[in-house]
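Reading through the structure tokens given below for one structure.
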Amino acid sequence: MNRKTNGISRRAFMRRAGLALAAWGAACRNQDTGSASQTPTGNFDEPLGVQLYTLRHQVETDPAQAIREVAEIGFEQVEVLSYTMDRLAPLLDQNGLTAVSGHFPLPLITGKTEFWPPGVTAGLADWDAAVDSAQRHGLSQMVIAYVSPQERTSLDFYRRLSDQLNQAGQRSAQAGIQLAYHHHAFEFEPLEGEIPFEILAERLDPQLVKWQLDVFWLAMAGLDPVQTLAGFNGRVSSLHLKDVAQGAATHYQESQVSPDSFAAVGSGRLDFPAILRAARTAQVRYFFVEQDQTPGDPLDSLRSSYQYLRGVHI
């Protein structure tokens, strides 16, 4: 019997409750022991990176200037888009930036391109070729960053996707590269009485496929990034840092999110000191500032985010 609770199956509801209890228990343990995740010890000093999607237009028109300005702000690392790696590699080297992670299109794993723009795989024949390219460019992490709306229509899709990601993660691991999955908010919208994110969390091998959590999209789905991090200790390899503007409405579907919902880190409503403490406890390795949309020059947004993060006391 699969009874429903507010349109969600009882099994999914109990899984969600279990995650909440795990997060609550972690928070209690931290309070009881006075752990470093709850006790401020100084400024945030982890290496900071930029997801270059933030500068996608600048990278197309004047990549040399865009990369130079990223380095001048003070960033040390970048997360690239797979189709830009060959072109940007010399510029990154010239400016002392390290590409540690890359976003790769899902069709390289599924083999299905019908719902994607022509040329989405950018000359990469398959996942083996993608891994070889990532290894050649010295990436430590490969990320599957998006699922097209036409694909994400059933729980069976997410079950197949989990299996495909596990297989791809095994291939990446053979090359010494960690595979990760980057969520948005749509994975949290109930589908067929279940939560797709929970299907993925259950079925993904914790060693082969980590999470790239995005604090903005967690908030868009109505979740607390701090509690989510506490529930996934050791399973989060990287974090996308961007703020949510005050008064921004929450939406599951990214196409419904207003461009002015995105804000530079520290200028919105998210509690970044608490998020960064939770990330430290959860053993997050990489931190990337990203802003999908900016009201003005995205470099100004990156500069503001960097200055805030380098001054925040955690």
Side-chain angles (χ1 to χ4, degrees), residues 7-9 11-12 15-16 51 53 56 79-84 101-131 133-134 141-172 178-206 208-214 216-218 220-223 228 235 237-238 240 250-257 290 292-293:
I8 301 173
S9 73
R11 182 163 63 90
R15 281 202 306 272
R16 177 183 292 179
Q51 166 47 261
Y53 179 77
R56 55 198 178 277
E79 184 171 56
V80 297
L81 305 176
S82 61
Y83 64 88
T84 67
S101 179
H103 276 194
F104 290 78
L106 181 60
L108 287 169
I109 288 178
T110 65
K112 296 182 179 297
T113 60
E114 56 264 40
F115 301 124
W116 293 79
V120 65
T121 57
L124 297 173
D126 52 25
W127 188 245
D128 282 334
V131 172
S133 178
Q141 176 179 260
M142 301 175 73
V143 182
I144 297 300
Y146 188 67
V147 178
S148 71
Q150 298 91 335
E151 292 173 295
R152 56 191 199 229
T153 57
S154 71
L155 291 180
D156 280 343
F157 164 78
Y158 284 100
R159 295 184 185 105
R160 288 195 304 274
L161 176 61
S162 300
D163 296 341
Q164 291 167 329
L165 287 169
N166 284 334
Q167 185 175 2
Q170 188 171 29
R171 173 65 181 88
S172 300
Q178 178 67 62
L179 178 61
Y181 178 83
H182 173 78
H183 68 88
H184 289 74
F186 58 78
E187 290 94 342
F188 297 94
E189 184 173 16
L191 176 66
E192 299 174 12
E194 301 270 2
I195 305 297
F197 184 91
E198 294 174 352
I199 298 294
L200 292 168
E202 277 189 345
R203 297 175 70 97
L204 291 177
D205 186 312
L208 296 177
V209 187
K210 302 290 187 182
W211 289 95
Q212 182 173 79
L213 291 185
D214 186 306
F216 175 93
W217 291 115
L218 288 174
M220 274 291 115
L223 279 79
T228 306
R235 295 188 65 178
S237 59
S238 55
H240 270 196
T250 58
H251 293 285
Y252 286 120
Q253 299 301 319
E254 67 279 8
S255 61
Q256 298 174 5
V257 176
E290 182 192 40
D292 304 44
Q293 306 287 341

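Computation of the quantities below employed the complete heavy-atom set of this structure, encompassing side-chain atoms and omitting hydrogens, waters and symmetry-equivalent molecules.
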Worksheet item: What pairs with Phe216 under ring pair (Phe, Tyr, Trp, His ring centres under 6.0 Å), at least two apart in sequence or on another chain?
Response: Phe262

Practice prompt. Please round to the nearest 0.5 Å and tell me the distance separating atom CH2 of Trp127 and atom OG1 of Thr110.
Written response: 11.0 Å

Discussion item. Checking the side chain of Arg56 only, and the main-chain atoms of Asp292 only, is there a donor and an acceptor separated by less than 3.5 Å?
Written reply: yes

Discussion item. Quick test of your reading: applying side-chain hydrogen bond (donor to acceptor under 3.5 Å, both in side chains), list the pairs with at least one residue in residues 179-189, sequence neighbours left out, ordered by first then second residue.
Written reply: Tyr181-Glu187, His182-Gln212, Glu189-Gln253

Item to complete: Could I get the full list of salt bridge (charged side-chain N to carboxylate O under 4.0 Å, His left out) partners for Asp205, not counting sequence neighbours?
Response: none

Practice prompt. Could you tell me the separation between the CD1 atom of Ile199 and the CG atom of Leu161, rounded to the nearest 0.5 Å?
Written response: 11.5 Å

Worksheet, complete the sentence: Taken to the nearest 0.5 Å, the spacing of Asn166 CG from Ile109 CD1 works out to 10.0 Å

Worksheet item: For Asp128, which residues count as a side-chain hydrogen bond (donor to acceptor under 3.5 Å, both in side chains) partner, sequence neighbours excluded?
Response: Arg171

Worksheet item: What is the distance from atom CD of Gln51 to atom CG of Leu81, rounded to the nearest 0.5 Å?
Response: 5.0 Å

Practice prompt. List in chain and number order the residues that pass side-chain contact (heavy atoms from CB on, under 4.5 Å) with Ala134, two or more places apart in sequence or in another chain; answer none if no residue qualifies.
Written response: Phe104, Leu139, Met142, Ile177

Item to complete: Check side-chain hydrogen bond (donor to acceptor under 3.5 Å, both in side chains) between Ser237 and all other residues, then give those that pass, not counting sequence neighbours.
Response: Gln141

Worksheet entry | Residue list, side-chain hydrogen bond (donor to acceptor under 3.5 Å, both in side chains) with Ser148, at least two apart or on another chain | Glu151

Fill in: Minimum heavy-atom distance between Ile144 and Leu179, given as atom pair plus value
CG1-CD1, 4.2 Å

Item to complete: Output all residues satisfying salt bridge (charged side-chain N to carboxylate O under 4.0 Å, His left out) with Arg235, sequence neighbours left out; order by chain, then residue number.
Response: none

Worksheet entry | Pairs involving residues 105-117, ordered by first then second residue, that meet salt bridge (Lys or Arg N to Asp or Glu O under 4.0 Å) (sequence neighbours left out) | none

Worksheet entry | side-chain contact (heavy atoms from CB on, under 4.5 Å) between Arg152 and Phe186, intermediate numbers included | CA-CA 9 Å; Arg152 56 191 199 229; Phe186 58 78; 3.2 Å; yes

Practice prompt. Could you tell me whether a side-chain N or O of Thr113 sits under 3.5 Å from a main-chain N or O of Trp116, the two making a donor and an acceptor?
Written response: no

Fill in: Results of salt bridge (charged side-chain N to carboxylate O under 4.0 Å, His left out) for Glu79 - residues two or more places apart only
none

Worksheet item: In chain order, what residues pass the side-chain hydrogen bond (donor to acceptor under 3.5 Å, both in side chains) check against Tyr83, with sequence neighbours excluded?
Response: none

Item to complete: Verify the distance criterion only: is there a donor paired with an acceptor across the side chains of Tyr146 and Glu254 at less than 3.5 Å?
Response: yes

Practice prompt. Using the test salt bridge (charged side-chain N to carboxylate O under 4.0 Å, His left out), find all partners of Asp163 that sit at least two apart in sequence or belong to another chain.
Written response: Arg203

Discussion item. When you measure from the side chain of Ser162 to the backbone of Tyr158, do you find a donor-acceptor pair of N or O atoms at a distance under 3.5 Å?
Written reply: yes

